[in-house]
2 protein chains.
Amino acid sequence: MTDFLPPIQTTARDDAVLKALAGFVRQEALGPGEKLPTERILAERLKVSRNTVREALTRWEGLGLVERRQGSGTYLKAAVSPDMLHMPLTLSGGNDFAGLMRTLEIRRALEAEAAALCAIRGGKAEIAEIERKLDIMEDAFRTRAGMSSEEDWEFHQAVYRASGNPLFEQIISAMHELFHRFWEHPLGVRDFGHASFPYHRTIFDRIAAHDPDGARAEALKLIATVEDDLKRGAANLKLSDRR
Amino acid sequence: MTDFLPPIQTTARDDAVLKALAGFVRQEALGPGEKLPTERILAERLKVSRNTVREALTRWEGLGLVERRQGSGTYLKAAVSPDMLHMPLTLSGGNDFAGLMRTLEIRRALEAEAAALCAIRGGKAEIAEIERKLDIMEDAFRTRAGMSSEEDWEFHQAVYRASGNPLFEQIISAMHELFHRFWEHPLGVRDFGHASFPYHRTIFDRIAAHDPDGARAEALKLIATVEDDLKRGAANLKLSDRR
DNA sequence: AGTGGTTCAATGGTCCAACCAATTTCTGCA
DNA sequence: TGCAGAAATTGGTTGGACCATTGAACCACT
């Protein structure tokens, strides 16, 4: 039975508002950080109520596309285009060990693939940029005795960018934020990330040699060390805090 | 219905509303498909305006946690718990060929990892479920001469579920939607997906044998055939439609 | 019993007109 | 000129109203 009858669509005010707004952003070539019209103006221009405008903007805010600052205005936080795919991921119980391990499984898959693609497609400029970040990171690691998480992250981002596929950076960035929320609840492992340090250079070497399989293997080793650190942290946590 | 729902305190109203609602859902042990209190009741119990309740629910709706049906009510679409983490991803630009190829690169990484994890962790029940979906799909393929995309998709979903990590299903589902948007613009390849057919059973065989590396390898072969189909479709498209 | 139409209450969707709170901008005094 | 305070701007919240859709109850007719 293939009687295909899609549901009819009668009203979709706020969706229409978002569509119009996306068109406006495109028209005015607005980029991240720029301010978009006030709610009152939008309501008047689009001939809808300010409430409707608010519902639409609330959706964009929930998607992280926009930031509202009371008394100031509403600002773009990311590039928006009329053809966007929204992918709201929900991780239940994300504050626990199992949740972190699940994100790490995703990251393992993506990190390895990104490194391999990078080895295949990385041009001279991209590889030079990665090496620059690597040098910065190694320097920070030495001078600050291991606390180089920010520089570490920048190195990885450079790899994702050089993969030629922006989706890698987008997805892994979201997971990175997740990790940071966890760090606020610091788990007793003081030297977290130490073990992963040497693999950054080995990954870079394989990328620079345009060796996809080697890059993938080194990336997997790096993730494995992070998993070990996480397991150690979980063991510590079990003995102390329970919130 | 016990009158749980204590009044709200101050500042960050809608966030507080969501927190209270999440607590309420847990208290009442509500699951997907169940109806939650009407906006007017929530507004009264939480001592906030109905508009504030609406903004909060709009956020949940945008995250796919809840579905609102005018004239009927608001219903849960997924399990919610007070400690949830959300990672809204917006992937820009996916309507063109290059965009599709980018999503396929992500899918290649995830599909392979999911198959491998499934081979490691899949229990008897999960594997039996996968086999059931596989039989249905093969049957549909034979009787309908290749048009088995729906059953095909259900097979893959069963694999993601058996991986023990719900993130695989969430991420790849979003990409699957993207593909469907593209199929609406059908590209001239009539036998799209034919080439991938045999690999479904080989993937299953490796999973059932608890052979992670074999499962990963077969999954990669499957994705490779899809990439080929897509390239052929792009070549066709270049000669005809340009939208 | 069942079919179709009508009524009616419940519910989400939209609108309006205020007011509050945070921020920015302007103004006038020292 | 410098800066503190007033005024305007802007998002956040409120309360009340009405519209559109839904679903259940009811009713008439076959």
Side-chain angles (χ1 to χ4, degrees), chain A residues 5-21 24-25 28 30 32-78 80, chain B residues 1 3 5-21 24-25 28 30 32-78 80:
Chain A
L5 285 181
I8 195 167
Q9 189 62 295
T10 55
T11 52
R13 285 284 233 261
D14 39 5
D15 266 341
V17 168
L18 287 187
K19 221 168 121 189
L21 237 181
F24 175 80
V25 168
E28 302 283 317
L30 296 182
E34 298 199 69
K35 180 176 171 181
L36 41 83
T38 73
E39 299 177 349
R40 289 172 174 87
I41 299 217
L42 285 174
E44 183 194 354
R45 291 279 217 284
L46 299 172
K47 297 290 186 216
V48 295
S49 140
R50 193 179 148 217
N51 262 339
T52 305
V53 171
R54 291 199 106 255
E55 295 233 349
L57 287 178
T58 298
R59 286 236 277 283
W60 269 14
E61 190 187 29
L63 262 46
L65 291 178
V66 115
E67 180 184 354
R68 292 151 121 175
R69 289 207 284 270
Q70 185 173 173
S72 177
T74 304
Y75 301 82
L76 279 177
K77 254 174 78 178
V80 327
Chain B
M1 190 199 297
D3 44 0
L5 298 179
I8 291 299
Q9 296 191 351
T10 51
T11 61
R13 302 284 237 231
D14 39 3
D15 266 341
V17 168
L18 286 186
K19 222 167 124 188
L21 238 183
F24 175 80
V25 168
E28 302 283 321
L30 296 181
E34 297 199 71
K35 182 176 170 181
L36 41 84
T38 73
E39 298 176 348
R40 289 173 174 87
I41 301 236
L42 285 174
E44 182 191 356
R45 294 283 180 78
L46 298 171
K47 297 282 187 242
V48 296
S49 140
R50 192 181 147 215
N51 267 340
T52 305
V53 171
R54 289 197 107 264
E55 296 236 345
L57 286 178
T58 298
R59 286 238 274 283
W60 268 15
E61 190 186 28
L63 263 47
L65 293 177
V66 117
E67 181 185 354
R68 293 149 120 174
R69 290 207 284 269
Q70 182 174 173
S72 177
T74 304
Y75 301 83
L76 279 178
K77 254 174 78 179
V80 334

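Since the model is a prediction, treat every value here as computed from it, not as a measurement.
Residue A:Arg13 contributes atom CZ, which lies 10 Å from atom P of D:dA20 at whole-angstrom precision. Here the P atom of nucleotide D:dG11 and the CD atom of A:Gln70 are 10 Å apart, to the nearest Å. In this structure, B:Trp60 atom CH2 and C:dG12 atom C1' are separated by 17 Å, rounded to whole Å. Atom CD of B:Glu44 and atom P of C:dG12 are 14 Å apart (whole Å). If you measure from atom CD of B:Glu55 to atom C1' of C:dT14, you get 14 Å, rounded to the nearest angstrom. Rounded to an integer number of Å, the gap from CZ of A:Arg54 to C1' of D:dG15 is 15 Å. The distance between atom CD of A:Glu39 and atom C1' of C:dC16, rounded to the nearest whole Å, is 15 Å. Per the geometry, NZ belonging to A:Lys35 stands 9 Å off P belonging to C:dT24, to the nearest Å.
One N or O donor and one acceptor, one from the side chain of B:Asn51 and one from the base of D:dG15, sit under 3.5 Å apart. Contact annotation: side chain of B:Arg50 to base of D:dG15, donor-acceptor pair absent below 3.5 Å. Applying the 3.5 Å distance criterion, the base of C:dG13 shares no donor-acceptor pair with the side chain of B:Arg68.
Considering only side-chain N and O atoms, A:Arg69 lies nowhere under 4.0 angstrom from the phosphate OP1 or OP2 of D:dT10. Taking only side-chain nitrogens and oxygens, B:Thr74 comes nearer than 4.0 Å to OP1 or OP2 of C:dG12.
Mapping A:Thr52 and B:Arg40 onto DNA chain C by nearest heavy atom places B:Arg40 closer to the 5' end of the strand. Of the two residues contacting DNA chain D, namely B:Ser49 and A:Ile41, the nearest-nucleotide position lying further toward the 5' end is that of A:Ile41.
Between A:Arg59 and A:Asp15 a salt bridge is recorded (basic side-chain N to carboxylate O distance below 4.0 Å).
The main-chain N or O of B:Glu61 is never found under 3.5 Å from a side-chain atom of B:Lys77 such that the two would form a donor-acceptor pair.
Between B:Pro37 and B:Phe24, some side-chain heavy-atom pair lies under the 4.5 Å cut-off.
Rounding to the nearest 0.5 angstrom, the gap separating the CG atom in B:Leu76 from the CH2 atom in B:Trp60 is 7.0 Å.
Checked by atom type, the side-chain pair B:Arg68/B:Thr58 shows a donor-acceptor distance below 3.5 Å.
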